[in-house]
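One structure is given here, and the rest of the page talks about it.
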Amino acid sequence: MKLKYYGTGAGAGIPEICCSCRVCEHARRYGGPNIRTRSQATLDEIMIDCPVDAYAHSVYCGLDIRRHRHILITHAHADHFSMTGGFASRFQDDGGGWTFYMPPISAAEESERIAKMAENNTKFPPQRYPRIVPVAPFTPFWIGTHRITPLPSNHAASIGTMLYLIEQENKALLWVHDSGYLLPETIHYLREHPVHLNAVSLDCTLGRGQRITASHMDIDQCADTACLLRQIGCADEATVFLLSHMGHLVEKTHDELRAQAQEFGFWVAYDGMELNI
Ligand SMILES: [Zn+2]
Ligand SMILES: [Zn+2]
Ligand SMILES: [Zn+2]
């Protein structure tokens with residue numbers, strides 16, 4: 001499987017538009033991997049999340065959305081999901097269509113919104129609207145040769161939030177965005193359904209030791225999570241752990257975070273990073 005990160009930033013990205021902190025200023029000055037747009041990635045023909053920055057990723061970063069027709073939405077915060085309008089208004093339709101897989105509450109809201117839009121819109125034929133599919137936790141489904149298992153994340157219970165376990169043949173990726181420590185039911189499922197993870201992308205939103213919320217993690221909590229996954233037999237020394245979803249709260253430039261991550265053997269994702277799993 002081929003993974004490409006397009007956005008590795010938390011809610012407001014780095015730099016935040018109004019912020020003059022050291023990390024944001026450093027990103028403005030040096031650019032490169034210090035710039036972090038909002039969370040989006042592709043895995044083969046699958047897209048993971050479609051945030052406010054999807055348009056910028058498509059215009060400036062080579063993301064050809066027509067090649068990624070199946071879109072897994074982790075949750076409906078704007079840094080992960082924000083643009084079905086752009087999909088509905090596409091003018092020259094090649095007939096392929098797009099499918100969004102979403103947590104049930106958001107899927108219901110989105111379906112209702114699209115139905116209203118379709119009702120008031122006589123210009124475009126109905127097949128131009130994306131298909132919305134609610135995902136059920138612990139219930140695998142297939143996208144081509146990829147097997148997808150949604151697992152509840154520890155993030156925002158009121159809207160429903162998911163992690164995704166994505167497997168193809170003997171390869172597996174666990175996408176842990178956004179989340180605090182894994183929920184007991186998710187740990188239970190992983191324990192009961194053994195899988196060898198080749199890569200794990202971890203939520204590292206917070207500065208080390210900050211713990212200002214339970215719905216995101218710092219690097220020590222990422223280390224605890226990696227340790228737990230090893231303990232339950234899902235990960236080993238061959239598993240690549242990547243940190244992503246960083247904002248200025250992390251209080252580190254890209255190089256500084258890389259140096260800190262080395263202590264744990266973690267890789268630090270950056271916008272544009274590609275790897276084969
Ligand atoms: Zn987020
Ligand atoms: Zn800042
Ligand atoms: Zn979120």
Side-chain angles (χ1 to χ4, degrees), residues 3 5-14 16 23 33 36-41 43 48-53 72-81 103 137 149-166 172-187 189-190 197 199-230 234-235 239-252 254 257-258 260-261 263-271 273 275:
L3 174 67
Y5 285 91
Y6 283 91
T8 58
I14 300 180
E16 291 203 2
V23 170
R36 296 188 184 278
T37 60
R38 268 61 68 88
S39 197
Q40 188 168 31
L43 185 78
I48 308 174
D49 281 337
C50 193
V52 282
D53 290 328
L72 301 177
I73 300 296
T74 57
H75 62 298
H77 286 158
D79 57 323
H80 299 262
F81 175 67
T149 309
L151 301 169
S153 73
N154 182 2
H155 188 55
S158 60
I159 57 165
T161 59
M162 297 289 176
L163 316 176
Y164 288 104
L165 169 64
I166 308 174
L173 164 73
L174 183 63
W175 193 257
V176 188
H177 299 291
D178 293 346
S179 189
Y181 277 137
L182 296 180
L183 291 171
E185 57 267 39
T186 293
I187 297 168
Y189 181 90
L190 290 169
L197 298 168
V200 182
S201 189
L202 291 168
D203 179 317
C204 188
T205 307
L206 306 176
R208 193 170 193 175
Q210 274 177 1
R211 311 286 168 99
I212 53 174
T213 167
S215 62
H216 289 292
M217 294 191 282
D218 72 356
I219 198 166
D220 290 326
Q221 292 169 297
C222 289
D224 292 344
T225 303
C227 190
L228 171 82
L229 289 171
R230 285 187 198 108
C234 291
T239 305
V240 174
F241 288 93
L242 299 115
L243 306 181
S244 188
H245 199 272
M246 277 72 76
H248 65 178
L249 283 178
V250 84
E251 291 174 347
K252 296 273 181 240
H254 178 71
L257 186 60
R258 266 183 43 185
Q260 194 177 61
E263 191 185 316
F264 304 94
F266 293 156
W267 299 18
V268 179
Y270 54 87
D271 293 17
M273 181 189 207
L275 69 155

(request) Check whether any side-chain heavy atom of Cys222 sits under 4.5 Å from a side-chain heavy atom of Leu243, and report yes or no. (result) yes
(message) For the CG atom of Leu228 and the SG atom of Cys234, what is their distance to the nearest 0.5 Å?
(response) 8.5 Å
(request) Give a yes or no on whether the backbone of His80 and the side-chain of Ser39 come within a donor-acceptor separation of less than 3.5 Å. (result) no
(message) With a 4.5 Å cut-off on side-chain heavy atoms, are Tyr270 and Arg258 touching?
(response) no
(message) Testing the basics here: between Pro152 and Glu185, what is the closest heavy-atom pair and its distance to 0.1 Å?
(response) CG-CG, 4.4 Å
(message) Less than 4.5 Å apart, side chain to side chain, heavy atoms only: is that true for Ile212 and Leu206?
(response) yes
(message) Classify the ring geometry of His77 against His155: parallel below 30°, tilted from 30° to 60°, perpendicular beyond 60°.
(response) perpendicular
(message) Determine whether Leu43 and Leu72 satisfy the following criterion, side-chain contact (heavy atoms from CB on, under 4.5 Å), listing intermediate values before the conclusion.
(response) CA-CA 10 Å; Leu43 185 78; Leu72 301 177; over 6 Å; no
(message) Return the CG to CG distance between Leu183 and Asn154, rounded to the nearest 0.5 Å.
(response) 4.5 Å
(message) For a quick test of reading the model, state the closest non-hydrogen atom pair linking Leu197 to Thr239 and the distance between them.
(response) O-OG1, 2.8 Å
(request) May I ask you to test the Gln260-Ile219 pair for a side-chain heavy-atom distance under 4.5 Å? (result) yes
(message) When you compare the side chain of Leu229 with that of Leu182, does any pair of heavy atoms fall below 4.5 Å?
(response) yes
(request) Identify the heavy atoms of Leu257 and Met246 that sit nearest to each other, and give their distance. (result) CD2-CG, 3.6 Å
(request) Go through the structure and list residues passing ring pair (Phe, Tyr, Trp, His ring centres under 6.0 Å) with Tyr181, not counting sequence neighbours. (result) none
(message) Looking at Pro51, is its backbone amide N or carbonyl O close enough to the side chain of Asp49 to form a donor-acceptor pair, meaning the two atoms are under 3.5 Å apart?
(response) no
(request) Among Asp79, Asp53, Asp271, find the residue that satisfies the side chain to side chain donor-acceptor pair (under 3.5 Å) test when tested with Arg38. (result) Asp53
(message) Can a donor-acceptor pair be found, under 3.5 Å and without considering hydrogens, that links the side chain of Asp218 to the backbone of Gly209?
(response) yes
(message) Counting C-beta onward and ignoring hydrogens, is there a side-chain heavy-atom pair between Leu190 and Leu151 closer than 4.5 Å?
(response) yes
(message) A side-chain contact here means heavy atoms from C-beta on lying under 4.5 Å apart; do Leu173 and Tyr164 qualify?
(response) no
(request) Please confirm whether the backbone N or O of His245 pairs with a side-chain atom of Thr205, one donor and one acceptor, at under 3.5 Å? (result) yes
(message) I'd like to know if the side chain of Gln210 reaches the main chain of Leu249, judged simply by a donor and an acceptor atom lying under 3.5 Å from each other, with no hydrogens or angles considered.
(response) yes
(message) Once rounded to the nearest 0.5 Å, what's the spacing between atom OG1 of Thr161 and atom CG of Asp178?
(response) 8.0 Å
(request) Mind running side-chain contact (heavy atoms from CB on, under 4.5 Å) on Cys50 and Ile73 for me, showing each step along the way? (result) CA-CA 7 Å; Cys50 193; Ile73 300 296; 4.1 Å; yes
(request) Hey, could you give me the OG1/CE distance between Thr149 and Met162, rounded to the nearest 0.5 Å? (result) 11.5 Å
(request) Determine whether Thr37 and Tyr6 make a side-chain contact, defined as any pair of heavy atoms from C-beta on separated by less than 4.5 Å. (result) no
(request) Report the distance from atom CZ of Arg211 to atom CE of Met217, rounding to the nearest 0.5 Å. (result) 10.5 Å
(message) To check you understand the geometry: which heavy-atom pair defines the closest contact between Leu163 and Ser179, and what is its length?
(response) CD2-CB, 3.9 Å
(request) List for me each residue that meets ring pair (Phe, Tyr, Trp, His ring centres under 6.0 Å) alongside His177, sequence neighbours excluded, and say none if there are none. (result) Trp175
(message) Checking Arg208 against Lys252 for the side-chain contact (heavy atoms from CB on, under 4.5 Å) test, could you report, in this order, the C-alpha distance in whole Å, the side-chain angles of both residues, the deciding distance, and whether it holds?
(response) CA-CA 10 Å; Arg208 193 170 193 175; Lys252 296 273 181 240; over 6 Å; no
(message) Set out, in order, the CA-CA distance, both residues' side-chain angles and the distance that settles side chain to side chain donor-acceptor pair (under 3.5 Å) for Ser201 and Ser244, then state yes or no.
(response) CA-CA 7 Å; Ser201 189; Ser244 188; 4.8 Å; no
(request) Working to the nearest 0.5 Å, report the span between CZ of Arg36 and OG1 of Thr8. (result) 4.0 Å
